[in-house]
Amino acid sequence: MTNSMNEILETDVMFAIGTNTTEAHPVTGYRIKQAVRNGKKLIVADPRKIELVKYADLWLCHRPGTDIALLNGLAHVILRDGLWDEEFVNEHGEGFEEFKSAVEKYTPERAAEITGVDAELIEQAAHMYGSAEKATIIYAMGITQHTTGTNNVMAIANLSILTGNVGKRGTGVAPLRGQNNVQGACDMGCLPNYYASYQKVDDKEINNKFEQAWNVALPKEPGLTVTEMIDSVYRGKLKGMYIMGENPMLSDPDSNKVKKSLQALEFLVVQDIFLTETARFAEVVLPAVTSVEKEGTFTNTERRIQRVRQAIKTESEAKPDWQIIIDLANKMNYSWEYPGGPEQVMEEIAKLSPLYGGISYSRLEKGGIQWPCPTRNHPGTMYLHADGFTRDKGKFHSVEYLPPAEEPDEEYPLMLSTGRMLYHFHTGTMSRRSQMEELRSEELMMMHPADARENSIKDEDRVQVESRRGKVSTKVQVTDHVPMGVVFMTFHYRETPTNNLTIAAVDPICKIPELKVCAVRVNKAGA
Amino acid sequence: MVDKVKVNINGNDYFVPENYTILKAAEENGIDIPTLCYEEGLPITGACRMCVVEVRGARKLMAACATQVSDGMEVLTESERVVEARREILRLLIANHDLRCLTCERNGDCRLQDYCYRYKVEDTPYKGEVKDFKIITDNPFFIRDYSKCIKCGKCVSICAEVNGAHVYEFINRGFDTKVTSAFDDPLPETTCTFCGMCINVCPVAALVEKSTLWKGRPWEVKKVTTTCSYCGVGCQLKLKVKDNTIIGVAADKSGSNLGHLCSKGQFGWDYVHSKDRLTHPLIKREGEFVRVTWEEALNYIAGRFKDILSQWGGRALAGLSSAKCTNEENYLFQKFMRVVLQTNNIDHCARL
Amino acid sequence: MKKEILVCQGSACVSSQSRDVYDALESELKVRGLEEKYSLKPTGCHGFCEQGPIVLIEPEGYFYCQVKDKQVPKLVDCLQEGSVYEELLYKSSETQEPLKTRNEIPFYQKQKRLVLQNCGLIDPESIDDYINSGGYSSLQKVLSMEPDEVIKEVKDSGVRGRGGGGFPTGDKWYYGRQPQADKKYIICNAEESDPGAFIDRSILECDPHRVLEGMLTAGYAIGACEGFVYIRSEYPLAVKRIYSAISQALEKGYLGKNIMNSGFDFDVQIKQGAGAFVCGEETALIESIQGNSGMPRPRPPYPAEKGLWDRPTIVNNVETLSNIPIIFDKGASQYARIGTQQSKGTKIFALTGKIRHTGLVEVPMGITLREIIFEIGGGIKDDKKFKAVQIGGPSGGCLSEGYLDFPVDYDSLIDAGAMMGSGGLVVLDESTCIVELARYFLSFTRMEACGKCTPCREGNTRLLEILQRIIEGEGKMEDLDRLETLSRNIIDTSLCGLGQSAPNPVLTTLQNFRGEYEKHVKERKCPAGVCQALLSYKIIQENCKGCGICMKHCPAGAITGEKNQPHNIDADVCAKCGECVDKCPFGAIVPG
Ligand SMILES: Cc1cc2nc3c(=O)[nH]c(=O)nc-3n(C[C@H](O)[C@H](O)[C@H](O)COP(=O)(O)O)c2cc1C
Ligand code: SF4
Ligand code: SF4
Ligand code: SF4
Ligand code: FES
């Protein structure tokens with residue numbers, strides 16, 4: 001997030017696209033609803049009639065996968081009607097001319113044709129967003145989980161730069177991170193191409209710095225992303241994997257393929273708190289402890305580094321992940337010494353990772369700090385780009401609409417979109433073993449009444465959902481909260497492993513899978 | 001900048017921003033005014049009248065939480081008239097309250113008790129009708145015991161103003177007023193999302209998590225501030241711990257969530273005590289997992305990794321780290337992959 | 001000039017079948033082919049409702065009371081003859097002399113009918129009638145003035161809010177004019193939540209355009225383009241009349257866009273109220289319009305600063321707004337001549353209780369209670385003695401005889417512990433128990449409160465319980481002190497005007513009739529003989545013939561005695577039902 005969560009309360013217009021905030025990020029959802037109650041404006045772009053639609057001044061119900069056409073259409077109107085921030089663009093926007101000519105063709109009429117949203121609504125939304133003093137765009141996996149995910153994100157950035165909604169309080173773009181420490185995992189360099197603080201592995205100087213700090217020669221080439229790994233195992237190139245606290249069997253697309261890959265591995269170690277679907281394929285399973293049994297830090301979606309504190313002692317042999325990794329390193333003939341535990345690890349992070357340079361446990365005692373926090377007396381950063389852009393970030397990227405990798409056809413006439421639901425989390429590993437299970441213990445696929453009628457399906461019927469990659473069985477909830485032609489499922493239930501259906505097509509740049517759209521057909525079970 | 005004004009509280013002059021309420025002006029200057037219905041961040045309702053103070057020139061006592069300061073204002077926060085009024089309010093409240101404090105879950109952590117103590121209200125002269133309700137246990141997470149409710153309305157506000165669920169309302173009128181769901185419907189049949197925020201603002205024991213019932217007196221329960229283990233919002237919360245067991249969650253206002261939580265943060269912690277937890281290392285032998293010692297497991301893994309490394313190099317190894325693990329663990333994990341396993345094949349499920 | 005037959009169609013007359021009278025007149029005129037000659041019109045209320053249905057013949061001004069449909073043929077005969085239908089005239093209570101016109105009737109003589117000037121004289125559903133009697137001419141004047149001048153004129157008139165608080169209306173408008181805002185609102189408070197009052201209802205039923213004209217003036221003065229009439233849903237006729245007034249005004253261009261070519265726009269909507277006493281309180285009313293439950297919010301901020309949807313909002317009572325056209329017709333200085341130094345103009349009261357003539361009366365401020373009760377109201381009914389008057393509605397004060405010569409104005413009433421309130425005026429005679437009276441009013445306010453704040457919600461119930469105890473003969477002397485301190489604390493700490501005034505009846509009765517309370521507590525006696533539990537019956541031995549009838553009827557078996565010998569009542573067994581008193585043929589059983 002460029003800005004902070006509670007700045008949502010200070011913005012004038014919120015534009016939420018591809019985020020079912022009230023279910024997936026409920027507390028941020030509260031802020032949006034609070035802002036609306038305080039008289040702020042809200043535009044929601046979502047194919048589904050999500051809760052926020054009730055609060056929205058405008059609802060753009062676009063077809064799944066047509067975000068770029070919509071965003072470019074908005075930019076078109078903003079440019080056409082002179083609602084853009086000329087001064088800001090002249091000063092900070094690179095590549096403006098090219099961008100301008102790229103969105104030229106996205107007239108509201110054309111955008112309307114692709115997205116299915118009324119041209120009039122697109123105009124209204126452009127005016128609302130474009131003429132706001134302070135506006136924020138909020139998005140989540142509905143934007144990123146597409147083959148065009150990176151471009152989607154760029155199209156969003158374009159809009160905010162175009163209107164000068166950057167580097168000021170109450171503006172910016174707010175990508176909402178799915179899991180509690182996705183931000184931290186990225187910040188720490190759990191990425192194939194970056195060390196901590198987004199320092200490139202293939203940058204010689206950086207590579208050097210780490211070689212010296214860690215006193216070892218390091219690989220210089222960027223590595224593989226998750227989806228590439230799965231492919232690579234499949235092709236026999238990857239032999240061993242170490243999976244810590246992840247459950248790709250349920251979370252990754254096309255699970256049949258994932259399953260085959262995991263089975264094909266020569267050696268798999270899984271370290272987790274439960275025997276997950278993934279762990280069942282492992283040769284060795286290491287018991288880890290939960291976050292309430294260890295010390296550490298998490299970094300939230302607004303870049304705030306916060307403490308995780310041990311509340312209880314583990315009564316079994318399970319150990320904290322950090323301890324296990326250290327023990328394993330030492331078993332492999334290294335002598336990693338962290339007698340100070342996580343606090344000492346943070347000292348090392350602060351030394352090597354500029355964004356975290358000023359972080360220490362003693363400072364975090366008083367509450368979280370937002371990075372960048374380069375030095376011990378830096379207060380942290382509430383919103384980014386306050387003093388203009390660090391070069392290349394203010395760049396416009398001309399992006400074009402491309403249809404999703406797989407679209408409904410005669411054989412598979414429905415479009416499946418996936419996501420989360422309030423009462424469960426991710427693959428359900430934790431939430432389904434909690435009291436939350438009492439609220440919702442099974443998948444309910446959402447289906448429009450017209451589609452249901454066509455397939456003679458009633459509310460609560462059990463159905464088979466099938467794609468080119470697999471099939472699952474689920475109960476149905478007939479509701480107009482999804483548009484006609486679209487069905488929606490979560491990936492929280494191992495009994496209904498939705499990712500058996502999804503497609504492993506990935507975004508060419510950031511390799512994120514297109515979980516938000518694929519084609520399926522639905523049959524009544526037993527029929 | 002907001003202009004400052006001079007306010008005299010209990011004989012001392014203070015300079016405070018003109019948009020302050022008397023309550024805030026007093027609070028910032030270390031003067032404690034008792035409140036029951038005031039909650040920072042929620043609309044001011046002025047309902048309980050506990051915070052009344054004497055303002056020179058005003059005919060009636062004024063609610064400190066709802067009254068803005070003005071230049072030259074003179075305020076008395078503990079004058080005889082004020083104290084008598086507060087005592088009367090307390091006598092009225094306890095006259096219509098289930099006073100079985102001995103076994104009350106909030107005994108020792110209750111504002112009503114605290115203020116009765118502070119103003120020496122031992123008993124009430126008003127022996128009359130007492131509203132008596134059955135405890136409602138209509139949902140998996142918390143009970144509602146309206147015989148304890150003091151109708152401060154905070155649950156109504158937080159549910160409507162923060163969550164947007166609008167579950168509660170004041171029903172009936174006058175003395176029969178009750179704070180409950182519309183038409184007194186069971187919560188699972190309302191728009192309730194079980195965020196539990198209402199429990200956390202309730203100043204008495206009207207709303208109590210089921211998981212804490214009979215589990216420990218408030219002073220025996222340790223509260224540990226930490227970060228929620230679910231989504232990326234990173235809410236701060238306090239885990240309530242007794243006998244090395246988590247029994248519930250209390251609000252913590254130090255983070256951006258301002259004490260607000262969703263159902264997962266509030267109630268989704270008990271997976272920690274699940275019987276399914278992995279308790280010892282396992283190695284698969286002939287298709288079956290068998291229990292091994294850490295020593296065995298680690299030696300085995302080290303051996304296998306070394307084999308692959310020497311045969312194919314780091315390229316043949318990959319690691320997935322976790323968006324649910326800490327920064328320190330993620331850092332160590334990538335360091336392990338890069339340093340020990342000699343590969344940049346590291347990723348996590350950020351993209352999901 | 002064409003003769004007019006004006007038939008009252010106010011709520012009270014309608015309930016005494018005035019509609020039948022109207023229909024009968026209509027068909028009678030038709031049958032006789034007189035439709036052209038006489039014009040038959042429905043009107044609003046004359047205020048003298050106990051005498052309804054009322055028919056007025058103009059231009060003579062004959063004032064016919066209690067007209068029945070079967071008297072219509074004769075009435076028309078008289079009309080044709082040009083004579084008076086004597087039996088239908090009101091008869092002076094002293095001389096039994098029939099009085100021909102309204103102004104001869106004592107009930108009207110001491111009144112000063114300004115706000116009610118059109119009531120009973122014009123057809124409330126005809127905007128032309130209103131215009132012909134001078135309506136909307138003051139608006140014309142207003143629209144040619146600057147808003148600030150308008151406000152100054154209202155300030156100079158000295159008019160104060162008639163909704164209870166008595167806040168100077170000009171000042172309120174001034175505060176509403178100051179803030180800059182994208183929108184402002186005018187709310188006409190027609191909730192009239194005091195169950196005993198029907199002043200606002202009557203104005204809306206008789207003369208709805210007057211209220212609209214007042215709202216338009218307020219809107220113009222503060223810069224508001226939208227108005228709401230918040231009206232009780234139990235007032236269907238008033239609702240209907242205001243609806244029809246709005247649509248006629250729209251049609252004639254007195255509402256809507258560019259009113260009278262002044263460039264001023266104003267629209268009025270109607271909201272029907274929830275009907276609780278507290279919903280008449282301005283902030284509760286605002287909450288209710290916003291769709292929330294009708295609970296007051298803390299003031300300040302006052303609505304003039306932050307009201308409906310947080311915009312500057314002026315809330316004015318129906319009667320207040322109805323005074324506005326008069327101010328601009330007469331001019332502020334002329335208006336300010338009516339009334340007292342601090343309270344200008346007239347006030348309408350709803351006179352009820354143990355009084356000869358009940359109804360709506362409009363009197364100049366400063367008139368004494370004695371004049372209202374004894375001259376206009378004709379004194380106490382059934383030749384009983386005056387005991388007290390409850391003024392200001394259920395949370396007003398109860399004043400004793402000593403206050404009869406008190407001037408009726410805002411400040412004197414407050415000094416007396418009462419208030420102007422809604423204009424309810426309930427006269428009580430010696431048969432009223434004062435403790436029971438306090439209990440009665442309190443039991444109303446206690447349940448009509450919103451229940452939001454502690455002192456009002458909990459405290460009034462405790463007051464009530466103490467009163468109940470006293471009535472049941474279980475009171476203690478310290479209860480009287482408790483009543484007083486608790487009342488004062490409730491007044492001192494409650495959130496809104498309801499709680500701040502609900503204990504008034506308790507405090508004023510305690511203050512003015514403490515002796516009666518003490519009798520209840522110390523002697524366990526109810527001097528008025530009302531409190532059942534404190535009654536005891538005795539048989540006057542000399543009068544008892546020993547017939548045994550009482551003994552037969554006593555359900556408790558408390559009466560004993562030999563035939564033809566004086567009987568006795570065993571007080572311990574007696575259930576105090578009073579059955580024996582009624583049954584004794586010799587009047588030998590009395591309370592005592
Ligand atoms: C409990 C309570 C009930 C009230 N009911 C009414 C009412 O029925 N009608 C009314 O005009 N004002 C009522 N008021 C007074 C209003 O709050 C408000 O002061 C008034 O409408 C302002 O108009 P005015 O200035 O023209 O009097 C009530 C006040 C309280 C405290
Ligand atoms: S749990 Fe949350 S949603 Fe449910 S009533 Fe309480 S505050 Fe409202
Ligand atoms: S349940 Fe608790 S929070 Fe709600 S009104 Fe009652 S005392 Fe207040
Ligand atoms: S004084 Fe009574 S009516 Fe007014 S807010 Fe309090 S409880 Fe409600
Ligand atoms: S805290 Fe001020 S009224 Fe309740």
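Here is the naming used below: chain letters follow the sequence lines, and residue numbers restart at 1 for every chain.
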Given heavy-atom pairs under 4.5 angstrom as the criterion, report whether the side chain, backbone, both or neither of Lys335(B) touches chain A.
both
What part of Thr225(B) lies closer than 4.5 angstrom to a heavy atom of chain A: side chain, backbone, both or neither?
both
At a heavy-atom separation under 4.5 Å, does Gln310(A) approach chain B through its side chain, its backbone, both, or neither?
backbone
Part of Leu176(A) lying under 4.5 Å from any heavy atom of chain B
neither
Under a 4.0 Å threshold between the charged nitrogen and the carboxylate oxygen, would Glu293(A) count as salt-bridged to Arg277(B)?
yes
Is there side-chain contact between Leu320(B) and Met229(A), with at least one heavy-atom pair below 4.5 Å?
yes
Side-chain heavy-atom pair Leu282(B), Val284(A) within 4.5 angstrom cut-off
no
Residue Asn330(A) versus chain B: region with a heavy atom under 4.5 Å
neither
Among Ile308(B), Val224(B), Asn163(B), Ile246(B), who wins on heavy-atom pairs under 4.5 Å with chain A?
Asn163(B)
Honestly, the part of Ile305(A) sitting under 4.5 Å from a heavy atom of chain B is side chain
Going by the angle between their ring planes, with limits at 30° and 60°, are Phe305(B) and Tyr242(A) parallel, tilted or perpendicular?
tilted
Interchain contact, Val340(B) with chain A, by part (heavy-atom threshold 4.5 Å):
both
Hey, are Glu211(A) and Arg338(B) close enough for a salt bridge, meaning a charged N less than 4.0 Å from a carboxylate O?
no
Count the heavy-atom pairs under 4.5 Å between each of Asn244(B), Asn330(B), Ile283(B), Thr326(B) and chain A, then report the option with the highest count.
Asn244(B)
Is the shortest side-chain heavy-atom distance between Met332(A) and Leu341(B) below 4.5 Å?
yes
Residue from Val269(A), Leu286(A), Thr297(A), Val216(A) scoring the most non-hydrogen pairs under 4.5 Å with chain B is Thr297(A)
Heavy-atom distances under 4.5 Å only: say whether Met241(A) touches chain B with side chain, backbone, both or neither.
both
CD of Glu221(A) to CG of Asn345(B): how many Å apart, nearest 0.5 Å?
11.0 Å
